[in-house]
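Counting starts at 1 for both ligands and their atoms, in listed order. What you see below is based on every heavy atom in this structure, not just the backbone, and it leaves out hydrogens, waters and symmetry mates.
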Amino acid sequence: MEGPRRIVTDSMFGIKLPDYARYSSRVAFVLGQNPTMFTGPGTNTYLVGSGRRPLLLDTGAGVAVYADLLAKGLAELSHSRELDKIVATHGHPDHIGGVRQVREKFGELEVLKKPWPERDAAAGAAPITAIESDALIFAEGATLRTVFTPGHAPDHLCYYLLEERALFTGDLVLGAGTTVIPEDGGDLAQYLDSLRLLLEIDLETIYPAHGPVIRNPRHKIREYIAHRELRENQVLDTLRQGPLDTMAIVKKIYTDVPEFLHQAAASSVRSHLKKLLNESAVVEHQGLWTLR
Ligand SMILES: [Zn+2]
């Protein structure tokens, strides 16, 4: 196979972020303290609003030290002890797993998200205030508009900060590496549509849920789209060599990736195969895939 093997070449490995920091007069962040292979240094949780009662966007995974760190960050960054409410990008546990802990520390805050009934239990017993696309959410000096962006998760919302032309992208676009399209609730075709939708928004900054702030959003979004398009072409090219099972496809495409990552790569390949199957570009018989 010729040409580049991948478009996105950076990764979460080795990325370091401080425990908390202020990014602008309206946006500060506190690190969720839940580092893993997939979350990088952990989930970014954001304090949004210029006043003394910012809202909290995402809550991390519920790691014990997080709530105290949040209180410390809030005091230092916003001279505050209070939060206005919680908004969440989606129902994965590293985003709403900290809801219970934050409400224990800061009182019974309202929790706003697009519902995903099968998964919202990760927020503990907190009642969810349902929001959909194009909802407006206010904090002092800050206006957020929701943008429905399924694909990584069926309930995924991005939040557009009007005053800064900035977008909180959750797990749709990350500060380094690429995101996972999980078999449970993920959909690559929807994911690509969501990325293309972002190109229609006037953007200066992306605040991702993992990794550093993105200052060249359009370039990053185009890179993300190109990355998946290349992968799709690689899957199709590989299948020209005859019926193959998923792991055989992985081994042919991910020659630059160590074998311990091949299971994760397989989930990416499966997301492509599912998309291609829905588009009637491939067929599957007893675990073997062929071009149609
Ligand atoms: Zn997620």
Side-chain angles (χ1 to χ4, degrees), residues 8 11-13 15 17 29-46 56-63 66 86-102 111-124 126 128 131 133 146-160 167-195 197-198 206-214 220-221 224 227-228 261 263-268 270-272 274-275:
V8 174
S11 83
M12 282 292 175
F13 290 108
I15 298 265
L17 291 176
F29 108 107
V30 180
L31 189 60
Q33 307 298 316
N34 54 320
T36 66
M37 195 164 84
F38 296 108
T39 61
T43 305
N44 298 331
T45 76
Y46 289 99
L56 179 67
L57 193 148
D58 282 343
T59 64
V63 173
Y66 169 72
I86 295 169
V87 301
T89 55
H90 63 295
H92 285 157
D94 59 322
H95 297 259
I96 60 170
V99 164
R100 181 202 304 256
Q101 184 195 22
V102 171
V111 181
L112 290 81
K113 71 182 290 296
K114 183 176 168 68
W116 184 7
E118 295 86 346
R119 294 295 199 95
D120 285 343
I128 303 287
I131 47 172
S133 205
T146 56
V147 187
F148 181 44
T149 41
H152 169 77
D155 61 338
H156 196 284
L157 294 174
C158 292
Y159 292 85
Y160 184 60
L167 192 70
F168 297 91
T169 52
D171 284 352
L172 178 63
V173 179
L174 305 182
T178 58
T179 196
V180 174
I181 309 299
E183 271 149 85
D184 176 15
D187 185 304
L188 182 60
Q190 287 181 352
Y191 179 76
L192 283 163
D193 286 345
S194 292
L195 287 176
L197 178 64
L198 297 197
I206 284 176
Y207 295 115
H210 304 278
V213 176
I214 297 161
K220 179 61 117 180
I221 296 160
Y224 260 47
H227 184 84
R228 302 289 171 164
L261 288 173
Q263 283 306 330
S267 116
S268 170
R270 276 191 287 270
S271 72
H272 281 284
K274 184 173 140 196
K275 174 175 179 287

Quick one: do the [X] and [Y] side chains pair a donor with an acceptor below 3.5 Å?
X	Y	value
Asp171	His210	yes
Asp58	Thr45	no
Asn34	Thr43	yes

- Message: Report whether any nitrogen, oxygen or sulfur of His95 sits less than 2.8 Å from the Zn ion (ligand 1) (N, O or S, backbone or side chain).
- Response: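 Coordinating: no.
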- the Zn ion (ligand 1) to nearest N/O/S of His152 below 2.8 Å: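 Within the cut-off used here (under 2.8 Å), His152 does place an N, O or S atom near the Zn ion (ligand 1).
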- Query: Are His156 and Trp116 close enough that their ring centers fall under 6.0 Å?
  - Reply: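 Ring centres of Trp116 and His156 not closer than 6.0 Å.
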- Query: So which N/O/S atom does Asp171 have closest to the Zn ion (ligand 1)?
  - Reply: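 Going by distance to the Zn ion (ligand 1), the closest N, O or S atom in Asp171 is OD2.
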- Query: How open is the angle at the Zn ion (ligand 1) from atom NE2 of His90 over to atom ND1 of His92, rounded to 10 degrees?
  - Reply: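 Rounded to 10°, it measures 90°.
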